[in-house]
Amino acid sequence: QAKRSGGNSYQYYRGNMRVASVEQLALETSLRKAIFKNEFVIYYQPKMDLGSGRITSVEALVRWQHPTMGLLPPSDFIPLAEESGLISAIGELVMERACRHARQWHQQGLGDICVSVNLSAHQFRKGNVAQIIDRVLDSTGLPAHLLELELTESLIMEDMDQNITLLQELRTRGIELALDDFGTGYSSLSYLKRFPVDTLKIDRSFIMEMDTSPDDAAITRAIIDMAHSLKMRVIAEGVETAAHLEMLREMGCDGIQGFYISKPVPETRLQEILRDQIHKPRVKI
Ligand code: C2E
Ligand code: MG
Ligand code: MG
Ligand code: MG
C-alpha cells in the first residue's frame, strides 16, 4: 500500500516496513536489469609494497556503466544493492571478472598480481560464499593465493563464530584475507586477535591528516605496531602525498594504496602500469 508522507513524495511501505521512495524503486528495477545486462565495470587500484616499491596487488572497485547517467561510483548504488540483496549477484559478477583478469595478467607475464575483492555482509549471510569462491577459482584457473577478500569488522561481528570458522576455512585454501577500513568499526581490540586475517588496511580517515594531526599519526603508528605484534601485514589506504608515504615508511608500514600511487583505473590502463614496471629495477622508492 502507498501512503502520502508529506511534500509530494510517495513512500511505499513493504512487508518489513522498510521505506523506499519511488526513485529508489526505479533505481532498484534498473539495478536488476543492470545485473542481467552486466553493465558493471571494474576499475583497479594498485597497491604498492613498500619493501620493493612494486605493485604486487590491486583492489577491484566496481562502477556501474549506466545507460543514461554515465559511470556511477559505488556510493550511488552499493547501499541500495545491499538493502535489496542484489549485492550478492553483483559481488559474484565482480569476483568472477576480477579473477579472470588476474589470471590473464598472470598468463601475460605481468607478474603474480593478487586481486582484492570487497565482500559485503549479505554475501556471507547467504551461506554459499565458499562454494561461489571455489567455483570461480576453478572456472578461472586463478591460484587461490592470488585472490584476497576484503572484509569489514562489522561483517565478521555480525555472526562472529560462524564467520570466523568460514574465514579459517577459506584461509586454509590459501586465499588472503584483509580487514578493510580498520579503525572505523566498533569491535573491541580483544576480538582482533581472533579474526583470522593476514592484512589490516588502516582506514583513510587516519591517513588523510596524519601530517598535520599528531593524534592521527599516533593512532596510525599504534595500529602498525599492533598489527605487526599480531603477525599481520598492514597497509594504509588513502595515501595522497609524498609526506604520507614518508611517514608511513618510517613507521614500518608494509604497503600503501591511494591517489599518490594511482587512482582506480580501467583494466586496459592497469595492464600498461603493470607492463611498465616489469622493466624497472627493484629499488626502494
Ligand atoms: P573501500 O573498499 O574502502 O575502497 C577504497 C575507496 O577509497 C575507493 O572508493 C577508492 O577509490 C577510494 N580511494 C582510494 N585511494 C584514495 C585516496 O587517496 N583518496 C581518496 N579520497 N579516496 C581514495 P570507491 O571506488 O568509490 O569505492 C567505495 C567503496 O565502495 C569501497 O570502499 C567499498 O566499500 C565499496 N565497493 C567498491 N566495490 C565494491 C564491490 O565490488 N563490492 C562491494 N561489496 N563493495 C564495493
Ligand atoms: Mg576495500
Ligand atoms: Mg577500505
Ligand atoms: Mg575506506
Side-chain angles (χ1 to χ4, degrees), residues 35-36 38-47 49 54-63 74 78 81-82 85-152 155-156 158-159 162-180 195-201 232-233 235 254-255 257 264-268 270-271 273-274:
I35 294 169
F36 189 67
N38 205 344
E39 291 173 350
F40 300 99
V41 184
I42 307 179
Y43 275 46
Y44 292 97
Q45 187 176 34
K47 304 183 197 178
D49 174 61
R54 300 180 79 79
I55 293 156
T56 50
S57 70
V58 297
E59 178 169 5
L61 295 159
V62 71
R63 277 95 181 86
I78 292 281
E82 303 243 2
L86 295 172
I87 189 67
S88 289
I90 297 171
E92 201 174 325
L93 289 174
V94 171
M95 168 108 51
E96 170 90 40
R97 190 101 56 89
C99 288
R100 202 166 290 288
H101 279 149
R103 166 75 172 151
Q104 282 166 12
W105 306 327
H106 196 240
Q107 282 178 322
Q108 292 164 357
L110 297 177
D112 279 1
I113 307 296
C114 180
V115 73
S116 311
V117 175
N118 292 282
L119 289 192
S120 89
H122 193 269
Q123 290 170 277
F124 270 73
R125 268 180 243 136
K126 283 196 82 178
N128 60 351
V129 70
Q131 288 93 304
I132 289 172
I133 292 168
D134 280 344
R135 185 183 55 68
V136 169
L137 289 178
D138 198 56
S139 71
T140 59
L142 184 73
H145 74 275
L146 295 183
L147 173 64
E148 180 177 67
L149 308 177
E150 294 198 8
L151 319 147
T152 58
L155 178 156
I156 301 176
E158 199 173 277
D159 192 344
Q162 192 182 312
N163 286 341
I164 287 177
T165 307
L166 177 58
L167 293 176
Q168 271 157 348
E169 198 185 304
L170 292 171
R171 218 176 168 199
T172 56
R173 299 177 205 184
I175 295 164
E176 295 281 316
L177 301 177
L179 203 51
D180 206 353
F195 292 169
V197 296
D198 308 281
T199 302
L200 281 194
K201 296 186 74 178
M232 295 173 183
R233 258 174 62 82
I235 85 158
D254 301 294
Q257 178 179 359
V265 295
E267 199 267 334
T268 48
L270 180 74
Q271 282 195 36
I273 294 173
L274 295 177

- Item | Distance in Å, Leu93 CG paired with Phe40 CZ, rounded so as to fall on 0.5 Å steps | 7.0 Å
- Kindly give the heavy-atom pair with the smallest separation between Cys114 and His145, and that separation in Å. SG-O, 4.0 Å
- Message: If I compare all heavy atoms of Glu169 with all of Thr172, which pair ends up nearest, and what's the gap?
- Response: O-OG1, 2.6 Å
- Query: With a 4.5 Å limit on heavy-atom distance, are the side chains of Glu267 and Arg97 in contact?
  - Reply: no
- Hey, mind stepping through Val62 and Ile78 against side chain to side chain contact (heavy atoms under 4.5 Å, CB included) and telling me if it holds? CA-CA 9 Å; Val62 71; Ile78 292 281; 4.0 Å; yes
- Going through the distances and angles, do Phe124 and Leu151 end up as a side chain to side chain contact (heavy atoms under 4.5 Å, CB included)? CA-CA 10 Å; Phe124 270 73; Leu151 319 147; 3.7 Å; yes
- Begin from the C-alpha positions of Leu166 and Val129 and carry the test side chain to side chain contact (heavy atoms under 4.5 Å, CB included) through to its verdict. CA-CA 9 Å; Leu166 177 58; Val129 70; 3.5 Å; yes
- Task: For the residue pair Leu167 and Ile156, establish whether any side-chain heavy-atom pair is separated by less than 4.5 Å.
- Result: yes
- Query: How far does CD1 of Ile235 sit from CG of Leu179, to the nearest 0.5 angstrom?
  - Reply: 12.0 Å
- So the salt bridge (charged side-chain N to carboxylate O under 4.0 Å, His left out) pairs with at least one residue in residues 104-121 (sequence neighbours excluded) are none
- Message: Restricting to non-hydrogen atoms, name the atom on Ser57 and the atom on Ile113 that form the minimum distance, rounded to 0.1 Å.
- Response: CA-CG2, 4.0 Å
- Tell me, please, which residues at least two apart from Asn163 pass side-chain hydrogen bond (donor to acceptor under 3.5 Å, both in side chains). none
- Can you find a side-chain donor-acceptor pair between Ser116 and Glu148 that sits under 3.5 Å? yes
- Can you list every pair that meets salt bridge (charged side-chain N to carboxylate O under 4.0 Å, His left out) and has a residue in residues 123-143, with sequence neighbours left out? Glu92-Arg135, Glu96-Arg135, Arg125-Glu158, Asp134-Arg173
- Beyond-backbone contact of Ile175 with Leu149, side-chain heavy atoms, under 4.5 angstrom: yes
- Task: Any chance you could measure Leu147, atom CG, to Cys99, atom SG, to the nearest 0.5 Å?
- Result: 4.5 Å
- Message: If you define the side chain from C-beta out and look only at heavy atoms, does anything of Gln108 sit under 4.5 Å from Leu274?
- Response: no
- Rounded distance (nearest 0.5 Å) linking atom CG of Leu137 with atom CZ of Arg103: 11.5 Å
- Task: Could you pull out all residues at least two apart from Arg233 that satisfy salt bridge (charged side-chain N to carboxylate O under 4.0 Å, His left out)?
- Result: Asp49
- Message: With a 4.5 Å cut-off on side-chain heavy atoms, are Pro46 and Leu270 touching?
- Response: yes
- Residue set satisfying salt bridge (charged side-chain N to carboxylate O under 4.0 Å, His left out) with Asp198, at least two apart, ordered chain then number -> Arg171
- CA sep, side-chain torsions, deciding dist, call: Ile133, Met95, side chain to side chain contact (heavy atoms under 4.5 Å, CB included): CA-CA 8 Å; Ile133 292 168; Met95 168 108 51; 3.8 Å; yes
- Which atom of Asp254 lies closest to which atom of Met232, heavy atoms considered: OD2-O, 4.4 Å
- Is the closest side-chain heavy-atom distance between His101 and Tyr44 below 4.5 Å? yes
- Query: When rounded to the nearest 0.5 angstrom, what is the spacing between CD1 in Ile42 and CZ in Arg63?
  - Reply: 10.5 Å
- Message: Run the salt bridge (charged side-chain N to carboxylate O under 4.0 Å, His left out) test against Glu150 and tell me which residues pass, sequence neighbours left out.
- Response: Lys47, Lys201
- Rounded to the nearest 0.5 Å, what's the gap from OG1 on Thr140 to NE2 on His106? Could you check? 12.0 Å
- Query: Can you name the nearest heavy-atom pair linking Ala121 to Leu155, along with the distance?
  - Reply: N-CD1, 3.4 Å
- Task: Compute whether any side-chain donor of one residue and acceptor of the other, for Asn128 and Gln123, lie under 3.5 angstrom apart.
- Result: no
- Item | pair Gln168-Ile164: side-chain heavy atoms closer than 4.5 Å | yes
- Item | Shortest non-hydrogen separation from Leu177 to Pro196 and the atoms involved | CD1-O, 3.2 Å
